[in-house]
Amino acid sequence: MPKDKDGTVLVSMSGKWVSYTHTVIAYCGFLGALIVGMSLHFHKIVQNEHYGYPDEWFPSVSATIGDRYPERSLFQLFIALTSGPRFALVFLWYLLTARPGAFAPKFVASVGLIRSLLCGGWVYITSTDDHDYHDIFMISYLVLTLPWTLGCLALSPMNRTAIKYRKLFASLFFGTLVPLIYFFIQHKVHKVAGAYTIYAFFEWSLILFDVGFDAITALDFEGFEFRVVDVSGVNKGKNVALSDAVLEKSKIDKKHTPQQFLAETYSWNDMLDALSDVYSGFMFWSILTSLGVTIWYFPLWHMGISGYEVFVMATVSPFLLGIGSIRRIAVNHPRYVYLLSLFGLTAFTFKVPETRLFSVAAGVWFTALAWTGSFFAERTQPGRLEAKVSAFSLGLIASSIAKFACRSNNPVWPIMNTENGGWNKIGLVLAVLAVLRSTRKGPAGELPLPPPSKSGSSILPAIGFGGLLFGLHSLLSDSSTMITWVWDGYPVRGPLAVPHGAYTLVAMGAGFLIGLLREDLARTWTFYGVGCTAAAIFHRNSGWTGYYGALVLALYLMALVPSFIQSATRHSPGKTFGLSFLIYNVLVLAHVWVVAYAFVPGGPLLRERTDLIMTAMMLAIGVGIFATVSYGPKSARELRAEDFPSRRRFRSYAVYSLVGLELFAASVAYMRFPSFDYQPYHKEEKVLTAGIWTVHFALDNDMWSSERRIRDVIKELEVDVIGLLESDLQRIIMGNRDMTQFLAEDLGMYADFGPGPNKHTWGAALLSKFPIVNSTHHLLPSPVGELAPAILATLDMYGEMVDVLVFHSGQEEDVLDRELQSEVIAKLMGDSPRPLILLSYLVTEPKKGNYNTYVSETSRMRDIDSSDWDRWCEYILYRGLKRIGYARVSRSTITDTEIQLGKFVIGEPEGTDEVIPESEVPMGYRFPDMFKGEGVRGHRYHVFNEPRYYR
């Protein structure tokens, strides 16, 4: 029997063979399936929904391993054989990195174990078996790849070769994601021939890099020997880990590094405290962002100033902190103030819109008071203040992610309920628990103010924070807001709300980290110049160029939060925070004035001047930068040294929270990625149902979000193409929403948002079951009144190109505007060489005035029913198509305008005006019967009380 220095062993095997075995079997599984699939089913596995061989000539991983026998069975066999070495690899890695009291090795090992189980989920439940569960397992596996990879890097023993290759494979893996996503979009969205083959190469590369990353453990496991004998003491804590070496160097250099987050002892209590604070921040932003949309309901129905706009001033409650007794309550008893702020979350229980607004306003009043009181209370405890500020920033990110997951509606808003997708009750319960948890430890208390800065002015930091707060709310409270600013139609030349909204969230997270770890950098004039340049690029450009500016601006705004709040806390809270919210309110009103100028006093002064609002915001931030430079620590070293131990602990949990939020956002982006395989309702008959509807900003008559009700009626009417007017919700006063996201995804339609919020219109959107080949956005002449938007889109309808024009004209009182607009629209229609449908809001009587410009020799258009005299707003005109039906459907309580519908047959010549009975109409040509008589949910055929059909 062989002997060694520690005893006798029967069999010995180096631990590196675990890595070798895992690598070889895993590669055999993937490559074996590829070879067998290419040999037996080449043409089938390279075929996708758009192209086949020879355009596509290399299969994706999923097509290779998931669909056909015998390659699927071969792959599953090898993966089963891989499971033993895989679990052993994770176990050995834990033994290698474990140290007494350290949390990170346990966490990384847990991630590795869960990740291995998830692999079994997507391997043995293929997309053919159950598409949803397959995707859930696959997404979860990919999401956990990030903490596994970073954790292994941070805990790597000081083996230079292993560290070098580990960094190489990690860089290759994450670097490959960029071209992989790009070519997937080229395939899925742009339908580029051959793009999927290139995507497949990058997908296979991910497999090679993923397995290769774990193969590097062979270099570390050489010190292990089975049964199991430790011949070099690597599991006794004697070896030096990379994180330990970096930590020791940071102590010598008197600096701190991100690796130190993993060196801290983990505490579930502290983590729950951090999560409670973050959820409290989520509540703040949820309540604040709900105020605008509940106020908006009233001027919307009054068609002008209603008086309820005064509630926008509910945010100025911090002025009360100038009163000693109120300040002492807010500082010493914050729990009560935070609980009172939950009035904003209880608003959904009230049915009357006015009561809901009062409840939200009360919530905003108390939440602004509570948070500013907390900032002031912790001003002498840098670590605790930083934790509170971090919760404030992470709360904004969480709010944006919640809207991203719920398709631009916050699930705890007062316009939501159980019927339209709200999670109000769950949100309220969690809010109560978060408040009780986060306020169980008292604040530092009412301590004397620190000595004032040289200038001693409270106005400068107030101006800065007011401008910053406006920027955060107007641009970052929804991940799609800045995307709609740079959207300019089809073909797609820029970002999409999904999946690129996740990019905005990542930029926000990066800005948060800069503010947390390099606050001294965030408040430099150089960084301010970068922010101003980004704002200019964002404002002046569309497509990807504008969006790159938007991402840098998002990063910059988030990075400013810590330094601006800390600067504000150096003065009386009543002056600084009260004035900050007042300045914020002024910018909010100006932000509305640029588009609502026709309905508000002094409106023409800011008409279409978003550039002035953006400039004012950046100038205000510049004033804040001056304040932070004047009042801030003299050097970065002083800033890092201040209360370092406690701040490091708080920061570690903030980073954990951010990583969790960003991983969730990435999962949402994957799950929401559109399929782009939409089909019209009557493909066999080549029938098109087109409609026009003014949807009143997706707020129904009772102030509930109406997207689901809109979806239901559009689906039941079997509408293939619809123009939606009054659809731009991307402003503070409207909640920064995008109704087209939900409707397009749920109905399976392509969406064109239309002119963005920076174009100063009330919005026009187009939804289509047919691919949108090209679209252009137009702003019609409006010398007096509001801007009139239009979308001219070319759709591929059953192989024939058909133009659809969606248009909203000016108001009745603006006679000159409507006349000029009619001439431009008539020319647009006349210049089109293709069949065309106009879905419009014209504001004219049939056969009178501007009607005769729209229906003229210039436009070459026909009225869908010239005998229908009872029209004023909505009209459908057409040319070059066979019209077979026309219907008018009542609005119910969704909006104030009916739905108009036209049915057409593509590829046939125009018919006659002869009206025929429904009995002579083929079933596939008819409108649904469910809307006859009393109809459903308040929707019925009205005016004629039934559809009209034509020969």
Side-chain angles (χ1 to χ4, degrees), residues 30 33-68 71 127-128 131 135 138 175-208 487-500 543-544 547 669-670 672-680 683 686 720 744-745 748-752 766 768-776 793-804 834 906-907:
F30 284 100
L34 176 64
I35 294 170
V36 173
M38 295 278 279
S39 302
L40 300 180
H41 306 117
F42 173 74
H43 289 88
K44 293 180 180 179
I45 62 177
V46 299
Q47 178 75 40
N48 57 56
E49 66 265 44
H50 302 310
Y51 301 100
Y53 183 82
D55 295 305
E56 308 288 2
W57 50 271
F58 197 77
S60 67
V61 175
S62 54
T64 302
I65 67 176
D67 292 337
R68 302 185 183 279
E71 49 264 44
S127 58
T128 306
H131 185 78
D135 280 353
M138 174 64 79
T176 300
L177 291 175
V178 177
L180 178 127
I181 294 172
Y182 172 79
F183 283 104
F184 183 76
I185 292 174
Q186 291 298 304
H187 159 73
K188 202 71 173 179
V189 179
H190 303 290
K191 301 178 182 178
V192 175
Y196 201 68
T197 292
I198 302 176
Y199 161 82
F201 278 111
F202 285 112
E203 189 181 26
W204 281 99
S205 298
L206 284 182
I207 297 297
L208 298 177
W487 169 254
D488 61 352
Y490 287 84
V492 177
R493 295 176 288 270
L496 300 170
V498 179
H500 301 116
W544 283 111
Y547 188 56
Y670 184 90
R672 286 189 58 196
F673 198 95
S675 62
F676 297 115
D677 58 353
Y678 314 131
Q679 298 296 325
K683 185 175 182 179
K686 299 181 70 173
D720 299 304
E745 290 181 35
M749 304 177 85
Y750 300 91
D752 189 334
L766 173 67
S768 170
K769 287 281 188 181
F770 302 98
I772 303 175
V773 178
N774 186 77
S775 67
T776 53
T794 301
L795 310 184
D796 182 355
M797 298 185 179
Y798 307 115
E800 182 172 345
M801 297 297 131
V802 178
D803 284 349
V804 174
R834 291 172 285 273
I906 306 301

Original post:
Between Tyr51 and Asp55, what is the shortest heavy-atom contact and its length?
Top reply: CD2-OD2, 3.9 Å
Original post:
Looking at residues at least two apart in the chain, or sitting in another chain, which of them share a ring-ring contact (aromatic ring centres under 6.0 Å, His included) with Tyr678?
Top reply: Tyr750
Subject >> Listed partners of Lys44 passing side-chain hydrogen bond (donor to acceptor under 3.5 Å, both in side chains), at least two apart >> reply: none
Original post:
Can you name the residues that form a side-chain hydrogen bond (donor to acceptor under 3.5 Å, both in side chains) with Ser775, not counting sequence neighbours?
Top reply: Asp752
Original post:
What residues form a ring-ring contact (aromatic ring centres under 6.0 Å, His included) with Tyr670, not counting sequence neighbours?
Top reply: none
Subject >> Side chain Glu56, main chain Gln47, donor-acceptor under 3.5 Å >> reply: no
**OP:** Return the set of residues passing side-chain contact (heavy atoms from CB on, under 4.5 Å) with Tyr798 (not counting sequence neighbours), or none when no residue passes.
**Re:** Pro680, Lys683, Lys686, Phe770, Ile906
Original post:
Parallel, tilted or perpendicular for Phe58 and Phe201, by the 30°/60° rule?
Top reply: parallel
**OP:** Could you tell me which residues satisfy side-chain contact (heavy atoms from CB on, under 4.5 Å) with Leu40, sequence neighbours excluded, listed by chain and number?
**Re:** Val36, Pro70
Original post:
Counting only heavy atoms not in Phe42, do more than 12 fall under 6.0 Å of its CZ?
Top reply: yes
Subject >> Phe184: ring-ring contact (aromatic ring centres under 6.0 Å, His included) partners, not counting sequence neighbours >> reply: Tyr199, Phe673
Original post:
Counting distance only, does the side-chain N/O of Ser60 pair as donor-acceptor with the main-chain N or O of Ala200 below 3.5 Å?
Top reply: no
Subject >> Partners meeting side-chain contact (heavy atoms from CB on, under 4.5 Å) with Ile198 (sequence neighbours left out) >> reply: Phe183, Phe202
Subject >> Partner residues of Thr776 under the side-chain hydrogen bond (donor to acceptor under 3.5 Å, both in side chains) criterion, sequence neighbours left out >> reply: His778
Subject >> Sequence-distant partners of Tyr547, side-chain hydrogen bond (donor to acceptor under 3.5 Å, both in side chains), two or more places apart >> reply: Thr504
**OP:** Check side-chain contact (heavy atoms from CB on, under 4.5 Å) between Leu208 and all other residues, then give those that pass, not counting sequence neighbours.
**Re:** Tyr27
Show me, pair by pair, the donor-acceptor contacts under 3.5 angstrom made by side chains of residues 489-498, not counting sequence neighbours?
residue : atom : partner : partner atom : Å
Tyr490  : OH   : Ala751  : O            : 2.8
Arg493  : NH1  : Pro491  : O            : 3.2
Arg493  : NH2  : Asp488  : O            : 3.1

